[in-house]
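Everything below concerns the one structure shown next.
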There are 2 protein chains.
Amino acid sequence: MSPATPVVFIVDDDPSICRSLLRLVRQTGFEGHSYGSAEEFIEVQKGPLMRPACLVVDLQMPGLSGLELQQHLQQGAARCPMIFISGNGDIPSTVRAMKHGAVTFLTKPFDNADLLRAIGEALERHRAELSSDRQVRQVRDRMAELTERELQVMSWVITGALNKQIAAELDIVEKTVKVHRARVLEKMQAQSVAELVRLCSLAGFAAATSGSAVD
Amino acid sequence: MSPATPVVFIVDDDPSICRSLLRLVRQTGFEGHSYGSAEEFIEVQKGPLMRPACLVVDLQMPGLSGLELQQHLQQGAARCPMIFISGNGDIPSTVRAMKHGAVTFLTKPFDNADLLRAIGEALERHRAELSSDRQVRQVRDRMAELTERELQVMSWVITGALNKQIAAELDIVEKTVKVHRARVLEKMQAQSVAELVRLCSLAGFAAATSGSAVD
DNA sequence: GCCGCTATTGGACCTTGGGCCAATAGGCCG
DNA sequence: CGGCCTATTGGCCCAAGGTCCAATAGCGGC
């Protein structure tokens with residue numbers, strides 16, 4: 001929850017653009033780093049980002065293009081919102097970038113205020129994403145400590161099934177279910193079934209074959 | 001769940017485009033309707049859409065533009081995915097359309113296959129949206145039947161609070177909480193607290209001041 | 001004033017959940 | 001082979017949830 005300074009990464013093959021943008025973001029109070037190519041950025045920024053960040057990237061560059069960089073990052077660890085800038089971008093590129101989650105697509109020459117607005121939005125988006133990811137990871141970590149049996153029991157508990165029903169389902173005695181259930185709540189650090197349900201839904205953990213009340 | 005034929009609305013001020021697109025979508029097996037202006041479409045399509053639908057709309061039109069139509073629909077009942085087509089669209093328009101949820105933005109002349117692909121995606125998206133909306137509406141309807149007191153009790157029940165705690169919180173006797181709790185489960189058609197939690201989270205109903213296990 | 005809805009409470013009774021202590025059995029590792 | 005972990009079960013007991021029947025009180029409407 002530490003308010004680490006947001007960082008803005010700039011990827012452009014034109015050094016003068018890099019310098020100019022760096023100056024702008026630093027003046028605004030962000031940390032800034034620039035890279036002359038997508039490959040260079042990928043090389044340097046391998047691990048997952050631990051603080052709010054965003055990318056300002058040129059569409060056309062020698063080597064990997066902005067769109068290719070976007071695609072590359074989406075399946076990597078260093079995902080973060082991207083802002084595209086381009087001197088002569090086209091609509092198909094814009095559509096593709098936006099469909100893949102770009103914050104915006106600016107055409108040169110652009111207004112500094114527009115870029116800063118976009119950066120603000122990107123950082124905010126990333127902040128929310130990081131926070132959500134942290135929660136999910138935390139829940140997943142706890143879930144990883146469960147034994148296979150406990151996982152099975154949990155998947156039934158969160159459907160609202162009674163211990164008796166779970167016991168029948170797993171072909172064990174009700175007493176055993178109680179033991180597992182208790183350990184599940186303990187390991188998951190949930191004070192109640194309601195909270196357990198919440199945690200599981202947060203982590204995208206599906207309940208066992210349950211009948212939902214809504215079609 | 002009836003597999004009603006999907007419908008494609010076409011909004012373009014050029015009658016020949018309308019005719020041509022209508023022919024295309026009808027040939028493909030969809031129902032098609034065309035309108036010569038955004039206003040005309042708005043006038044005809046007031047109520048909420050009950051089956052998969054999408055809009056193919058020209059960016060520039062006399063009167064309301066495609067973007068303005070998009071904005072208008074977003075706060076109305078007849079929301080549905082939009083596909084923009086334009087002879088001379090620009091990147092800012094594209095960005096704006098995409099940020100507001102457009103499926104894609106095609107430039108004339110475009111490939112029929114591209115349009116059909118986009119229509120397919122739009123209809124699929126709308127199908128999912130309709131299904132999700134239906135669920136939410138169903139839960140909301142049930143919730144609307146709850147008395148104020150029952151609503152209060154529910155908001156505590158889904159935090160996992162004990163009847164005793166809820167009683168203290170609302171300054172009533174535990175017995176009363178049990179009565180409300182039972183009526184809540186009945187009215188919400190939930191077989192268990194777990195299911196109730198799920199329903200509430202689906203409908204975006206927040207729990208009472210609860211302490212979550214995740215920060 | 002009577003009726004219906006809602007909120008509230010009481011009591012009796014049964015079912016469930018959960019904690020505590022203890023024990024057996026299989027599998028894995030040093 | 002003796003620990004350690006996991007799964008499993010038993011008994012005992014208490015707390016909490018759920019159900020049925022019943023009753024009082026306030027409030028708006030006919």
Side-chain angles (χ1 to χ4, degrees), chain A residues 140-201 205 207-213, chain B residues 140-201 205 207-213:
Chain A
R140 291 249 164 95
D141 285 350
R142 294 177 192 168
M143 223 178 299
E145 290 181 356
L146 299 179
T147 67
E148 195 179 342
R149 206 49 155 170
E150 287 162 352
L151 215 51
Q152 292 173 3
V153 170
M154 181 170 79
S155 73
W156 280 103
V157 166
I158 60 177
T159 68
L162 301 180
N163 287 342
K164 189 184 296 185
Q165 301 175 305
I166 302 176
E169 207 63 50
L170 300 181
D171 198 38
I172 51 180
V173 183
E174 184 179 345
K175 180 60 221 259
T176 310
V177 176
K178 286 189 181 183
V179 176
H180 288 316
R181 186 195 194 104
R183 212 178 299 278
V184 165
L185 285 182
E186 183 197 343
K187 286 188 180 175
M188 294 298 291
Q189 293 174 43
Q191 271 69 51
S192 63
V193 176
E195 198 173 332
L196 185 66
V197 171
R198 220 181 297 286
L199 294 179
C200 285
S201 113
F205 182 76
T209 47
S210 68
S212 178
Chain B
R140 290 246 164 96
D141 286 349
R142 293 176 192 169
M143 225 180 293
E145 289 181 357
L146 299 178
T147 67
E148 195 178 342
R149 207 47 156 171
E150 287 162 354
L151 214 52
Q152 291 172 5
V153 171
M154 181 170 79
S155 73
W156 281 104
V157 167
I158 60 176
T159 68
L162 300 181
N163 287 341
K164 190 184 295 184
Q165 300 175 305
I166 301 176
E169 206 65 49
L170 299 179
D171 200 36
I172 52 181
V173 185
E174 185 180 344
K175 181 59 220 271
T176 312
V177 177
K178 286 190 182 183
V179 176
H180 287 317
R181 186 194 193 104
R183 212 178 300 278
V184 165
L185 285 182
E186 183 196 345
K187 286 187 180 176
M188 294 298 290
Q189 295 173 43
Q191 271 68 52
S192 63
V193 176
E195 197 173 333
L196 185 66
V197 171
R198 219 181 296 285
L199 294 178
C200 285
S201 115
F205 181 78
T209 48
S210 66
S212 178

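Each chain gets a letter, A, B and so on, in the order its sequence line appears, and its residues count up from 1. Source: prediction; values computed, not measured.
Residue E148(A) contributes atom CD, which lies 10 Å from atom P of dT8(D) at whole-angstrom precision. Atom pair Q191(B):CD and dG17(D):P shows a separation of 19 Å (rounding to whole Å applied). One can place CZ of R183(B) at 11 Å from P of dC5(C), the figure rounded to the nearest angstrom. Look at CD on Q152(B): it is 11 Å from C1' on dA7(C), rounded to the nearest Å. Remark: P of dT6(D) and CG of L146(A) are 11 Å apart, rounded to the nearest angstrom. Atom P of nucleotide dT8(D) and atom CG of L170(A) are separated by 8 Å, given to the nearest angstrom.
Looking at which nucleotide of DNA chain C each of E145(B) and V177(B) is closest to, the 5′-most match is held by E145(B).
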Item to check | Protein-to-nucleotide contact annotation, 5' to 3' order, nucleotides 10-21 of chain C [B base; S sugar-phosphate only; - none; under 4.0 Å, heavy atom] | outcome: BB----SBBSB-

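Going from atom CD of E186(A) over to atom CG of L146(A) covers 10.5 Å, rounded to the nearest 0.5 Å.
Under the 4.5 Å side-chain criterion, counting only non-hydrogen atoms from C-beta, F205(A) is not in contact with R140(A). For the pair V157(B) and V184(B), the minimum side-chain heavy-atom distance is 4.5 Å or more. Contact annotation: the side chain of V193(B) never approaches that of I158(B) to less than 4.5 Å [non-hydrogen atoms, C-beta and beyond].
Checked by atom type and distance alone, the side chain of K187(B) pairs as donor or acceptor with a backbone atom of E145(B) at under 3.5 Å.
At least one side-chain nitrogen or oxygen of R149(B) sits closer than 4.0 Å to the OP1 or OP2 atom of dT8(C). For dA7(D), the OP1/OP2 oxygens have no side-chain nitrogen or oxygen of T176(A) closer than 4.0 Å. A sub-4.0 Å separation between OP1 or OP2 of dT8(D) and a side-chain N or O of H180(A) is present.
Among the candidates R181(B), K178(B), K175(B), E174(B), the single residue satisfying the side-chain hydrogen bond (donor to acceptor under 3.5 Å, both in side chains) test with N163(B) is R181(B).
Note on T147(B): only backbone sugar-phosphate atoms sit closer than 4.0 angstrom, heavy atoms only; bases stay farther off.
The nearest pair of heavy atoms linking A207(B) to R198(A) is CB-NH2, 4.3 Å.
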